Q: 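I am attaching a structure below and will ask some questions about it afterwards.
The model shown is predicted, which means the values in this text are computed figures rather than measured ones. Atoms within a ligand are numbered from 1 in the order they appear, just like the ligands themselves.
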Amino acid sequence: MSEHLLREVRLLGEGTTDLLLRDGVIAAAGTDAAREASAAAQRPDTAGLVALPGLVDLHTHLREPGREDAETVATGTRAAAAGGFTCVHAMANTAPVADTAGVVEQVWRLGRQAGWVEVRPVGAVSVGLAGVHLAELGAMATSAARVRVFSDDGKCVHDPVLMRRALEYVRSVDGVIAQHAQEPRLTEGAQMHEGVVSAELGLTGWPAVAEESIIARDVLLAEHVGSRLHVCHLSTAGSVDIVRWAKGRGIEVTAEVTPHHLLLTHEAARSYDPRYKVNPPLRTAEDVEAVRAGLADGTIDVVATDHAPHPVEDKDCEWDAGAFGMTGLETALPVVQQTMVETGRMTWADVARVLSAAPARIGRVAGQGRPLVVGEPANLTLVDPAARRPVDPGEQLSRSRNTPYAGRELPGRVMSTFHRGGPTVLDGAPVAREEVTA
Ligand SMILES: NC(=O)N[C@@H](CC(=O)O)C(=O)O
């Protein structure tokens, strides 16, 4: 088993300490760490790096099975490790759809074989994401993949009766329904946020009310049946208000925001560059302000990447023909540092909460999102917050290159990631899998 002594790391950006990782756990901390380290312990240069619990993504599209040209479990999870993640939830909109125990077990096994991060498959709510019949939620929950998060993401569970039944059903497995809130009739043919920019560009708009009306309905349904609801990629000021109201009422609702909705606005569409085309769409500056405030005050629980890789032919085209979605695993932490830490709205401890502890709790992932103390599993990431560099899509490890940040300078760099005590990234470079499993 590997042994690593991490000298002078800043725990959550605060005081400096040493950590000894051995046999997959944090074996010692403080002055004990160096004393207990054996001569064989590796000693990477970690002085001054911020230590965070390994990041946990609630919303990743790994595309396998079915769209291995865009991403595979192996390439997507290697990109995740490079971004500081030790666990990702793999969305169900694959081909075939992850709506059976067989498919979720396949994805889970591919994740284990790849060895970069823990892969937790998300199960579809409805058969084939068609929104008509409930998928085999119980069989997915009791399979080897132990599914706890169910979502038709990419499609909204629009039928209120199906949504009610799904909410009722997941109570018995301590699961959660993660809703992609998009009223389908209000967004037919939509290409971008409905507002002044869509009017000027002549593109069909996706109005904020299409998201807000579904969230309003679903928090009331969750209250009615006494179940857990999670709101995917919340993007509007009105959505923040509804979730705040629901939490105040004691409804068991949690919500996520993506890095791109924390940073970018619908003004980006003026370029007609489909790299900025995403679902839900980039919104207004007022919405960006509201989601930042909602994340800072705890209304929004989680930052989730919605990493949505697409091959070049689906993005290198006219806006109307472009696919919705952008990559995000390798830039999530830098965007959160820029928008929330450097603006003084959040501390590194808050970052650990929204990118690790809260998503692990919502997904019921044991051994992830834990405080970095002796005896806990050694899932952690080390960040150099002083680094600044432009995003180079050619350097990214995802199989797809559809990042909206190409050429943009972002702060912070993941220097090392440890998954179950083994390094997946060391000194800024991925560690070959044979070394990980050695
Ligand atoms: N977020 C996106 O823009 N795209 C997602 C699915 C979706 O949520 O529409 C995808 O799978 O590509």
Q: So, for His233 and His261, is the gap between ring centers shorter than 6.0 Å?
A: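 That pair fails the under 6.0 Å test.
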Q: Within the 4.0 Å heavy-atom shell around Phe324, which atoms of ligand 1 are there?
A: 2 (C), 3 (O), 4 (N), 12 (O)
Q: Can you tell which part of Met326 has a heavy atom less than 4.0 Å from ligand 1: side chain, backbone, both or neither?
A: neither
Q: Hey, what do you get for OG1 (Thr46) to CZ (Arg10), rounding to the nearest 0.5 Å?
A: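 Rounded to the nearest 0.5 Å, the OG1-CZ separation comes out at 12.5 Å.
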Q: Out of the candidates Leu55, Val383, Val336, only one should pair with Val351 under the side chain to side chain contact (heavy atoms under 4.5 Å, CB included) rule; please name it.
A: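 Considering Leu55, Val383, Val336, a side chain to side chain contact (heavy atoms under 4.5 Å, CB included) with Val351 is found only for Val336.
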Q: How close does the nearest protein non-hydrogen atom get to atom 6 (C) of ligand 1, and which residue and atom is it?
A: Gly154 CA, 3.7 Å
Q: Between Gln182 and ligand 1, which part of the residue brings a heavy atom under 4.0 Å of the ligand: side chain, backbone, both or neither?
A: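 No part of Gln182 is near ligand 1 at this cut-off.
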Q: Quick one: look up the protein heavy atom nearest atom 5 (C) of ligand 1 and list residue, atom name and how far away it is.
A: His61 NE2, 3.7 Å
Q: Taking the basic N atoms (NZ, or NE/NH1/NH2) and the acidic carboxylate oxygens, is any pair closer than 4.0 Å for Asp297 and Arg244?
A: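 Judged by the 4.0 Å cut-off on N to carboxylate O distance, Asp297 and Arg244 do form a salt bridge.
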Q: Starting at CD of Gln338, measure out to CZ of Arg408 and round the result to the nearest 0.5 Å.
A: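 Output value for this atom pair is 6.5 Å.
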Q: Taking only non-hydrogen atoms of Arg63, do any sit less than 4.0 angstrom from ligand 1?
A: yes
Q: Which protein non-hydrogen atom lies closest to atom 3 (O) of ligand 1, naming both residue and atom, and how far is it?
A: Asn279 N, 2.9 Å
Q: Whether Arg283 and Glu211 form a salt bridge (side-chain N of Lys/Arg under 4.0 Å from carboxylate O of Asp/Glu) is what I want to check.
A: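 Answer for the salt bridge query: yes.
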Q: So which bit of His310 gets within less than 4.0 Å of ligand 1, heavy atoms only: side chain, backbone, both or neither?
A: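 Looking at His310 and ligand 1, just side chain atoms fall under 4.0 Å.
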Q: Run the salt-bridge test on Lys247 and Asp301 with the 4.0 Å N-O cut-off and return the result as yes or no.
A: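 Salt bridge present between Lys247 and Asp301.
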Q: What atoms in ligand 1 come closer than 4.0 Å to a heavy atom of His180?
A: 7 (C), 8 (O), 9 (O)
Q: Of the side chain and backbone of Asp306, name the one, both, or neither that has a heavy atom under 4.0 Å from an atom of ligand 1.
A: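 The answer is the side chain of Asp306.
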Q: Decide if the gap between the ring center of His59 and the ring center of His89 is smaller than 6.0 angstrom.
A: no
Q: What are the atoms of ligand 1, with element, lying closer than 4.0 Å to any heavy atom of Val278?
A: 3 (O)
